[in-house]
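Taking it in order: structure first as structure tokens, then the write-up.
Each residue takes its place number in the sequence, starting with 1. Below, all heavy atoms of this structure are taken into account, side chains as well, without hydrogens, waters or symmetry copies.
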Amino acid sequence: MAQLSTEQLLYLLYAVAYSTEGTVTKGTVKKHLSKKCQNDADKICKDLFDLKFLESPKRGRLAVTDMGMRALVTNLQTTDYKFNSQQGVKVLNTLLYCFKLAASDPQTYSGFVEDMDFETFVEKFKKLYFEERRRQERRGVVAIHSRELCQKFMEDNPISQAKVKKYFDRLKEDGYVFAVTEIDEELIQWVE
């Protein structure tokens, strides 16, 4: 599931909160966004359409897709955004609805963080490492940065950053990878 920016999260939340009969206008959503977000509302909306989180069933109306709703519920579970009391009853009711969805169907709405064991991590990380190595070998220079590889791993797999760090440190301790730091960047090599 995609990691939403705070602005995208709020746009989806307000689209659900202020919809009537499942649809809402762009203007209604934009009106409830902060001043900063209002300036970027068209871009945020376009990005959400590109991700297929929004659709336009009728001219001038928006609707949040099922995939958009899953993304909203999943991202609400991990957001650090601080809501203020000015949001109103509709937003609070929508938040409660999203929490009920998450509680009623954890399989569908908890796709953001998976409880991955170390053996599965090793298998998937090794595969990603060798894919990246082959890609770099075609360019002629191999320099695999641990930070970039861990970031790519988190993008490709539903796992928390804390768990990736813990498991990556264990990879080094157990001798799966050899790490060297050069110019503030940790380079790694899989021990074969």
Side-chain angles (χ1 to χ4, degrees), residues 1-34 36-38 40-84 86-117 120-121 123-125 127-128 149-167:
M1 193 57 58
Q3 174 79 35
L4 297 175
S5 68
T6 301
E7 293 81 9
Q8 290 172 329
L9 175 80
L10 292 174
Y11 199 99
L12 280 177
L13 179 65
Y14 295 163
V16 173
Y18 296 104
S19 67
T20 52
E21 297 178 18
T23 65
V24 66
T25 64
K26 283 185 186 181
T28 301
V29 175
K30 185 175 181 177
K31 176 174 71 174
H32 290 90
L33 293 170
S34 68
K36 179 189 173 289
C37 290
Q38 285 179 0
D40 299 330
D42 290 334
K43 183 189 179 319
I44 296 167
C45 183
K46 182 190 178 311
D47 291 344
L48 291 170
F49 266 101
D50 292 345
L51 291 167
K52 302 200 181 338
F53 292 164
L54 289 176
E55 61 186 7
S56 184
K58 297 179 192 170
R59 188 183 156 132
R61 308 282 301 173
L62 303 174
V64 177
T65 64
D66 288 341
M67 193 163 51
M69 196 63 191
R70 282 194 299 275
L72 173 62
V73 171
T74 302
N75 280 267
L76 279 172
Q77 294 174 48
T78 58
T79 188
D80 291 330
Y81 182 75
K82 303 288 185 237
F83 291 93
N84 62 43
Q86 296 174 352
Q87 261 84 35
V89 176
K90 287 188 175 193
V91 173
L92 293 176
N93 286 336
T94 303
L95 286 171
L96 289 173
Y97 173 71
C98 289
F99 295 141
K100 284 180 187 175
L101 282 175
S104 69
D105 192 359
Q107 291 291 81
T108 304
Y109 294 108
S110 67
F112 202 57
V113 178
E114 173 186 285
D115 190 23
M116 185 182 295
D117 62 18
T120 305
F121 175 82
E123 180 183 308
K124 290 182 176 188
F125 196 87
K127 181 179 179 222
L128 180 64
L149 200 62
C150 287
Q151 183 64 41
K152 175 118 176 70
F153 188 86
M154 285 186 296
E155 290 169 7
D156 294 347
N157 297 280
I159 187 170
S160 69
Q161 184 174 3
K163 192 162 268 194
V164 168
K165 182 179 178 351
K166 175 184 166 189
Y167 284 167

(Q) If you define the side chain from C-beta out and look only at heavy atoms, does anything of H32 sit under 4.5 Å from T28? (A) yes

(Q) Counting C-beta onward and ignoring hydrogens, is there a side-chain heavy-atom pair between D47 and F53 closer than 4.5 Å? (A) no

Q) Are side-chain heavy atoms of N75 and Q8 found at a separation under 4.5 Å? A) no

(Q) Pair D50, K46 - check salt bridge (charged side-chain N to carboxylate O under 4.0 Å, His left out), show working. (A) CA-CA 6 Å; D50 292 345; K46 182 190 178 311; 2.9 Å; yes

Q | T65 OG1 to F49 CZ distance, which is reported to the nearest 0.5 Å | A | 9.5 Å

Q. Do T20 and R61 come within less than 4.5 Å of each other through their side chains, counting heavy atoms only?
A. yes

Q) Roughly how far, to the nearest 0.5 Å, is the CZ atom of F125 from the OG1 atom of T120? A) 14.5 Å

Q | Atom pair CG (L48) and CG (L4), whose distance is rounded to the nearest 0.5 Å | A | 7.0 Å

Q | Pair R70 + D66, salt bridge at N-O below 4.0 Å | A | no

Q) Are E7 and K36 ion-paired here, with the side-chain N under 4.0 Å from a carboxylate O? A) yes

Q.
Within the 4.5 Å heavy-atom criterion, are L54 and L12 side-chain neighbours or not?
A. yes

Q. Roughly how far, to the nearest 0.5 Å, is OH of Y18 from CG of L13?
A. 8.5 Å

(Q) Tell me whether the rings of F153 and F121 are parallel (<30°), tilted (30 to 60°) or perpendicular (>60°). (A) perpendicular

**Q.** From CD (E123) to CG (L128), nearest 0.5 Å
**A.** 12.5 Å

(Q) Testing the basics here: between C37 and I44, what is the closest heavy-atom pair and its distance to 0.1 Å? (A) O-CD1, 4.1 Å

(Q) Can you tell me how far apart NZ (K26) and OH (Y11) are? Round to the nearest 0.5 Å. (A) 6.0 Å

**Q.** Nearest heavy atoms of V24 and S19, plus distance in Å
**A.** CB-CA, 3.8 Å

Q. So, the side chain of Q38 versus the backbone of L33: is there a donor-acceptor pair under 3.5 Å, distance only?
A. yes

Q: Check whether any side-chain heavy atom of T25 lies under 4.5 Å from a side-chain heavy atom of L62, and answer yes or no.
A: no

